[in-house]
Number of protein chains: 2
Amino acid sequence: MDSQGSFPLGPSSLTEALYESVRKRIVNGEIAPGEKLTEVRIAGEYNVARPTAKACLERLTALGLLRRSVHKTAVVPKLGEDEIRDLYFSRETVERAAVAALARRGVVPPAAVRAQAAMKAAATDMAFESQVEADIAFHSALVAGVGSRRLSRMHEVILGEVHLTMGQFQAHRTTHPMNVAREHDDILKAIEAADPEAAQQRLTHHLDQAQDRLIGQLRREGGAVEEPSEEAPA
Amino acid sequence: MDSQGSFPLGPSSLTEALYESVRKRIVNGEIAPGEKLTEVRIAGEYNVARPTAKACLERLTALGLLRRSVHKTAVVPKLGEDEIRDLYFSRETVERAAVAALARRGVVPPAAVRAQAAMKAAATDMAFESQVEADIAFHSALVAGVGSRRLSRMHEVILGEVHLTMGQFQAHRTTHPMNVAREHDDILKAIEAADPEAAQQRLTHHLDQAQDRLIGQLRREGGAVEEPSEEAPA
DNA sequence: TCGTGAATACTTGCCTGACAATTCCACAGC
DNA sequence: GCTGTGGAATTGTCAGGCAAGTATTCACGA
């Protein structure tokens, strides 16, 4: 694909690379919710100095991917029911504004179309994590298509927590990827038809369903998340 | 004053206090836009170690109150016309969702009423900075009244940049505070009447006016912001 | 046996000091 | 006048360390 310019530019600095790696491990569920992340542990695992690890944990905390109070060690949060509701309320706020803006222009961002294609491809034969990533890429492209730096930034933060929560339910999913893909198509059609109302309404429906699925799983599992899962990572 | 409990809780940690202080200086315009903030300068002014100053600058950068790329020194940004538009687009997105949610419940957050009273008091005889702060407190209370942690957090970031931009036009303001207060009242009335549509529409009008004022001032001043203003601060 | 309190270990907050890598600025050379 | 090279300034990252706060354990008494 990127044969000419080496665009992606692998994270420039050490701090950046470290941040990306830890972030990925958290949202993928490799680091279980409730697990403690001390500065020295990160520093040891990656062979970096403690201040570097500290900065990394601070960034992740600011994004909501870790929780910690003053002198206590950071832990991966597990969102409860009302936190999921809050998260999805915020998510709807941002994404509704995005699809409305897109529909007013009547143009579908090309990146969203590509992401949607990837989603359908992943639906049949790929791993759960790939599906989640394709789904997130789709919504991300939708918001990015608006062209508002600040809206995208807010959305990025929100999607971080969404990704985290979805990753935590990894093993017990009950979602049919094709249904999700169909709903995505509906949203795109409404945007293309320059119908903001319909686009917003379909998006809301789509997100409400996703939220219900998450809360449903949460309730089903209840407090049954006792598996400590203490495998040493690296 | 604080004879019994010392409530305000002067920022617990050094880092926090430093952050608050620098932040205030930036949004108040004490540190002019375009001015460079090096780590050693902050460290020197406050007598803290460089890593501490570094963390402070990083936090402010994450909030958009400073700009910097790798290996370059942080500068206070001066928002251009399209950045102001982007900022206000994001702001409208968040605040419209907030007033709509409040109007659906039909209850006005008490804090918003208090902030509005303070605003009217400040309109007649107080300094410009107090008016700006009262205005921000009002909008802040509005969003906080919804009770969504994440919406409030997003709004906080946005208001930071709004405050910054307003502070930069400090000397040349042309706004009549009483008009602003009237518009605030209109919004509150719509919320109380449980009319989400009206509340959103009035909010949009209010914010559009604010945006136009800012852009108007920006155009008027043009590139005429040559006063270096190099007074030593402390 | 069970709680309660104190001592200990762990972890974070913040510091000093240092070196490498990078960027910025000015000056010399063509 | 423009370009290139040098030094100064600044940031990225590290090592090591002390103080302070938190959690945990263990002994002791009821």
Side-chain angles (χ1 to χ4, degrees), chain A residues 6 9-23 26 31-77 228 230 232-234, chain B residues 6 9-23 25-26 31-78 228 230 232-234:
Chain A
S6 79
L9 194 55
S12 46
S13 71
L14 183 68
T15 309
E16 203 67 22
L18 177 66
Y19 163 75
E20 273 305 331
S21 173
V22 176
R23 174 196 158 88
I26 290 178
I31 303 180
E35 199 169 336
K36 286 200 269 193
L37 276 182
T38 69
E39 298 178 358
V40 295
R41 172 181 161 186
I42 297 297
E45 283 178 6
Y46 288 90
N47 266 89
V48 297
R50 188 161 73 96
T52 309
K54 180 191 183 65
C56 173
L57 294 185
E58 268 166 8
R59 270 178 79 176
L60 291 167
T61 302
L63 288 174
L65 264 39
L66 286 177
R67 300 266 168 92
R68 87 162 142 179
S69 21
V70 264
H71 268 275
K72 286 197 283 193
T73 113
V75 303
V76 181
E230 291 289 352
Chain B
S6 77
L9 194 56
S12 46
S13 71
L14 184 67
T15 310
E16 203 67 24
L18 177 66
Y19 163 75
E20 272 306 331
S21 174
V22 177
R23 174 197 158 87
R25 283 173 62 192
I26 291 177
I31 302 180
E35 197 169 338
K36 284 200 272 193
L37 275 182
T38 69
E39 299 179 356
V40 295
R41 171 181 162 187
I42 297 296
E45 283 179 5
Y46 288 91
N47 265 90
V48 296
R50 187 163 74 93
T52 309
K54 180 190 183 62
C56 173
L57 295 184
E58 268 165 8
R59 271 178 78 174
L60 291 167
T61 303
L63 289 174
L65 263 40
L66 287 176
R67 299 267 168 92
R68 88 162 141 178
S69 23
V70 270
H71 274 292
K72 284 200 281 195
T73 115
V75 304
V76 180
K78 178 171 178 60
E230 292 289 350

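Lettering follows sequence order; numbering is per chain, from 1. Just so you know, these numbers use all the heavy atoms, side chains as well, and skip hydrogens, waters and symmetry mates. Quantities reported herein were computed from a predicted structural model and do not represent experimental measurements.
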Student: Could you state the atom-to-atom distance from CG of Leu18(B) to P of dG13(C) in whole Å?
Tutor: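 It works out to 15 Å between those atoms.
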Student: I need the CD-C1' distance between Glu39(A) and dG16(D), as an integer number of Å.
Tutor: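 Interatomic distance, CD of Glu39(A) to C1' of dG16(D): 15 Å.
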Student: Can you identify which nucleotide, out of dT11(C), dA15(D), dT10(D), has its nearest atom closest to the Thr73(A) side chain?
Tutor: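 Nearest to the side chain of Thr73(A) among the choices is dT11(C).
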Student: Tell me the interatomic distance from Leu66(B), atom CG, to dT11(D), atom P, rounded to whole angstroms.
Tutor: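 Interatomic distance, CG of Leu66(B) to P of dT11(D): 11 Å.
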Student: If the cut-off is 4.0 Å, is Lys54(A) near the phosphate of dT12(C), judged by side-chain N/O to OP1 or OP2?
Tutor: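 Indeed not, no polar side-chain atom of Lys54(A) lies that close.
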Student: To check you understand the geometry: which heavy-atom pair defines the closest contact between Ala53(B) and Ala43(B), and what is its length?
Tutor: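 Smallest heavy-atom distance, with atoms named: CB-N, 3.8 Å.
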Student: Checking side chain to side chain contact (heavy atoms under 4.5 Å, CB included) for the pair Glu16(B)/Arg59(B): CA distance, chi angles, key distance, verdict?
Tutor: CA-CA 10 Å; Glu16(B) 203 67 24; Arg59(B) 271 178 78 174; 3.3 Å; yes
Student: Would Arg68(A) and Lys36(A) count as a side chain to side chain contact (heavy atoms under 4.5 Å, CB included) here? Give the steps.
Tutor: CA-CA 10 Å; Arg68(A) 87 162 142 179; Lys36(A) 286 200 269 193; over 6 Å; no
Student: Return the nearest nucleotide to the side chain of Arg50(B); candidates are dT11(C), dC14(D), dA18(C).
Tutor: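 Closest nucleotide to the Arg50(B) side chain: dA18(C).
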Student: Please tell me which of the listed nucleotides, dC14(C), dT12(C), dT11(D), lies nearest to the side chain of Thr38(A)?
Tutor: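 Taking heavy atoms from C-beta onward, the closest nucleotide is dT12(C).
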Student: Grab the CD-P distance between Glu58(B) and dG12(D) for me, whole Å please.
Tutor: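 Distance check: Glu58(B) CD to dG12(D) P gives 7 Å.
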Student: Measure from CG on Leu14(B) to P on dT12(C) and round the result to the nearest Å.
Tutor: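 Whole-Å distance recorded here is 19 Å.
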Student: Mind calculating the distance between NZ (Lys72(A)) and C1' (dT12(C)) to the nearest angstrom?
Tutor: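 Going from Lys72(A) (NZ) to dT12(C) (C1'), I get 13 Å.
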Student: Is Thr52(A) near enough to dC14(D) that one of its side-chain N or O atoms lies under 4.0 angstrom from OP1 or OP2?
Tutor: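 Affirmative; the distance criterion is met.
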Student: Given Leu37(A), which of Thr61(A), Ile26(A), Thr73(A) fulfils the side-chain contact (heavy atoms from CB on, under 4.5 Å) condition?
Tutor: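 Checked Thr61(A), Ile26(A), Thr73(A) against Leu37(A); only one passes side-chain contact (heavy atoms from CB on, under 4.5 Å): Ile26(A).
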Student: Taking for each residue the nucleotide of DNA chain C bearing the nearest heavy atom, is the 5' side occupied by His71(B) or by Lys36(B)?
Tutor: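 So the residue in question is His71(B).
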